[in-house]
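Below, chains carry the letters A, B, ... as their sequence lines are ordered, and counting in each starts from 1.
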Amino acid sequence: MSANLIKIISAAIIGVALGILYGWVIDPVQFTNLTPNLLREDYRADYVLMVAEAYHGEINADLAARRLGVLSSEAPAILVAQTLAYAQANQFTQTETNLLQELLSAMQIYQPQNSANP
Amino acid sequence: MKRPASRNLTLYLALALLAGLGAGLAYSWLISPVTYTDANPALLRADFKDQYRTVIAAAYAATRDLPSARARLQLLGDADPIGELSAQAQRMLAAGEPFENVQPLAQLAADLQQGFASIQTAKPPLTEIIQTPSAEVPVIETLPLTETPLAEETPVESTLAFEQTPLIPQNPLITSTPRPTVTAKPVIGQPFTLVGQDTVCDTSLKQGLLQVILMDNRRKQVSGMEITLTWNQGEDHFFTGFKPELGNGYADFIMQAETIYSVRIVEGGSFVPNITAPTCTAPDGSSYLGGLLLTFQQS
């Protein structure tokens with residue numbers, strides 16, 4: 001009887017393993033409505049670079065900060081600093097690095113309008 | 001023939017296997033599904049895709065790097081990137097966003113359509129205010145990116161043109177200053193030409209909505225331009241600028257189904273025949289009358 005019980009438990013374990021294999025590898029859940037914080041690092045870096053390029057033309061720190069806020073809840077300056085480090089480690093061009101540096105400088109002194117001095 | 005005990009064991013084994021399979025699936029699909037940490041932009045939610053497009057267009061407005069903008073748009077996985085840009089621009093206009101916010105999207109869509117970057121409008125990124133002892137008002141020196149601003153809209157006394165503008169302002173006096181608003185006026189005698197004709201399938205807009213945008217040769221919208229619309233049963237006249245919340249050069253008209261219209265810009269002589277309201281397909285598969293966006297620009 002105990003041998004049969006072992007067989008049944010073994011069958012259940014095999015079933016669980018097959019189920020997990022199917023659900024994680026063969027047919028995992030497909031997400032289609034993701035938020036930007038889940039973007040791969042290179043896409044995040046490119047997004048921040050786009051914000052930097054736009055900032056260079058617009059010189060609007062508030063707008064740049066709001067755009068960066070879409071990507072992460074981190075402080076904009078931290079986000080740009082991380083991207084700058086990524087850019088320097090991944091052979092971004094000097095122009096791109098300069099643009100990120102420019103945005104970083106702006107974000108380091110940026111004060112949200114809501115928390116402006118009364 | 002198997003004994004009943006053996007048949008029961010087989011049954012129990014099968015049931016245990018199925019129960020385990022079900023538990024495994026429940027765990028892997030519901031309790032602990034695969035989490036995405038390295039997603040690509042195509043998987044973003046629609047509103048974030050809109051934001052992504054907006055930033056692409058804003059970056060393009062600054063760099064005029066059309067190949068980069070095109071490559072970035074492809075990341076979003078849109079079947080028709082130009083159409084998506086136009087549709088988003090229309091949604092933003094319909095939502096009451098100022099044309100200045102929408103213009104980069106429309107500009108990028110137009111440039112993608114024509115296949116090359118249009119001439120950059122003069123938009124100095126840095127404005128330096130220098131106090132001079134001889135003048136009560138500060139002299140504004142404008143440092144353009146790559147080109148000298150056009151003379152008629154340059155409110156400066158002196159212009160310094162550098163080959164390359166320093167990326168990081170070093171002078172603590174440097175500050176961003178809003179540019180004076182310039183009311184665009186059409187260049188008399190220059191014809192308007194059709195630079196964009198886009199189908200707009202957006203259920204949030206009125207059916208059969210014909211939208212017309214007129215811009216001068218610097219891509220600034222011009223108001224007060226008369227547009228004549230003719231069809232086999234009548235004619236109507238309307239003017240740009242009556243809905244400034246949608247842009248100074250904006251005008252619209254509701255088209256009827258299966259009616260062929262001709263659009264003429266009275267001053268400038270541009271004539272566009274055979275305009276009809278397109279048929280669009282809603283997400284539920286039903287058909288409805290779509291709209292058109294006609295963009296004219298002075299050459």
Side-chain angles (χ1 to χ4, degrees), chain A residues 3-5 7-25 27-43 46-61 63-64 66-67 70-71 95 97-99 101-102 104-106, chain B residues 5 8-9 12-30 32-46 48 51-52 54-63 65 68-69 72 75 104 120 123-127 145 165 167-169 175-177:
Chain A
N4 287 343
L5 189 60
K7 288 178 184 173
I8 290 170
I9 292 172
S10 299
I13 291 171
I14 291 170
V16 169
L18 289 174
I20 290 177
L21 177 71
Y22 189 83
W24 277 352
V25 179
D27 185 20
V29 173
Q30 295 292 323
F31 290 93
T32 54
N33 290 316
L34 301 183
T35 49
N37 61 309
L38 300 174
L39 285 176
R40 207 170 66 198
E41 191 176 15
D42 54 343
Y43 294 128
D46 190 50
Y47 181 90
V48 176
L49 177 60
M50 286 192 288
V51 174
E53 290 171 345
Y55 173 76
H56 183 70
E58 298 164 340
I59 312 295
N60 186 335
L63 183 57
R66 278 190 279 123
R67 285 169 173 164
V70 171
L71 201 58
T95 303
T97 305
N98 288 345
L99 286 167
Q101 184 65 57
E102 181 187 35
L104 177 60
S105 300
Chain B
N8 285 343
L9 179 62
Y12 289 145
L13 285 174
L15 286 174
L17 191 68
L18 287 174
L21 196 64
L25 285 175
Y27 184 80
S28 59
W29 279 349
L30 303 176
S32 179
V34 171
T35 55
Y36 277 82
T37 54
D38 290 330
N40 65 63
L43 299 173
L44 290 176
R45 212 169 63 200
F48 290 124
Q51 173 67 22
Y52 207 95
T54 301
V55 175
I56 291 172
Y60 171 71
T63 64
D65 186 346
S68 287
R72 284 164 166 168
L75 295 176
Q120 183 174 5
K123 190 173 185 179
L126 299 176
T127 303
L145 249 184
T165 302
L167 292 173
I168 305 169
T175 179
S176 63
T177 304

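- Of the inter-residue distances, the one linking A:Tyr47 atom OH with B:Phe48 atom CZ reads 9.5 Å to the nearest 0.5 angstrom.
- Of the atoms belonging to B:Ser68, not a single heavy atom falls under 4.5 Å from chain A.
- Heavy-atom pairs under 4.5 Å with chain B peak, among A:Leu49, A:Asp27, A:Leu71, A:Leu63, at A:Asp27.
- Heavy-atom minimum distance, A:Ala54 versus B:Ala59: CB-N, 3.8 Å.
- Across B:Ala62 and A:Glu53, no two heavy atoms sit closer than the pair CB-O, 3.1 Å.
- A distance of 5.0 Å separates CG of B:Leu43 from CG of A:Leu34, quoted to the nearest 0.5 Å.
- Contact annotation for B:Leu30: neither backbone nor side-chain heavy atoms come within less than 4.5 Å of a heavy atom of chain A.
- Of all heavy-atom pairs spanning A:Ile8 and B:Ala16, the tightest one is O-CB, 3.3 Å.
- Between A:Ile9 atom CD1 and B:Leu13 atom CG the span is 11.0 Å, to the nearest 0.5 Å.
- Nearest heavy-atom pair, B:Leu21 versus A:Leu18, reported as atom, atom and distance to 0.1 Å: CD1-CB, 3.5 Å.
- Applying the side chain to side chain donor-acceptor pair (under 3.5 Å) rule to A:Asp42 yields the partners A:Arg40; only residues at least two apart in sequence or on another chain are considered.
- Of the listed residues (B:Ser32, B:Pro104, B:Ala57, B:Ala23), the one with the most heavy-atom contacts under 4.5 Å to chain A is B:Ser32.
- Going from atom NZ of A:Lys7 over to atom OH of B:Tyr12 covers 14.5 Å, rounded to the nearest 0.5 Å.
- The shortest heavy-atom contact between B:Gly24 and A:Ile20 is O-CG1, 3.7 Å.
- The residue among B:Leu18, B:Leu44, B:Leu25 with the most heavy atom pairs within less than 4.5 Å of chain A is B:Leu44.
- Partners of B:Tyr60 according to the side chain to side chain donor-acceptor pair (under 3.5 Å) rule, which considers only residues two or more places apart in sequence or in another chain, are B:Asp111.
- Looking only at side-chain heavy atoms (C-beta outward), B:Leu75 and A:Tyr43 come within less than 4.5 Å of each other.
- To the nearest 0.5 Å, the span separating OG1 on B:Thr54 from CZ on A:Arg67 amounts to 7.5 Å.
- Here the closest heavy-atom approach between residue A:Ile14 and residue B:Leu17 is recorded as CG2-CD1, 3.8 Å.
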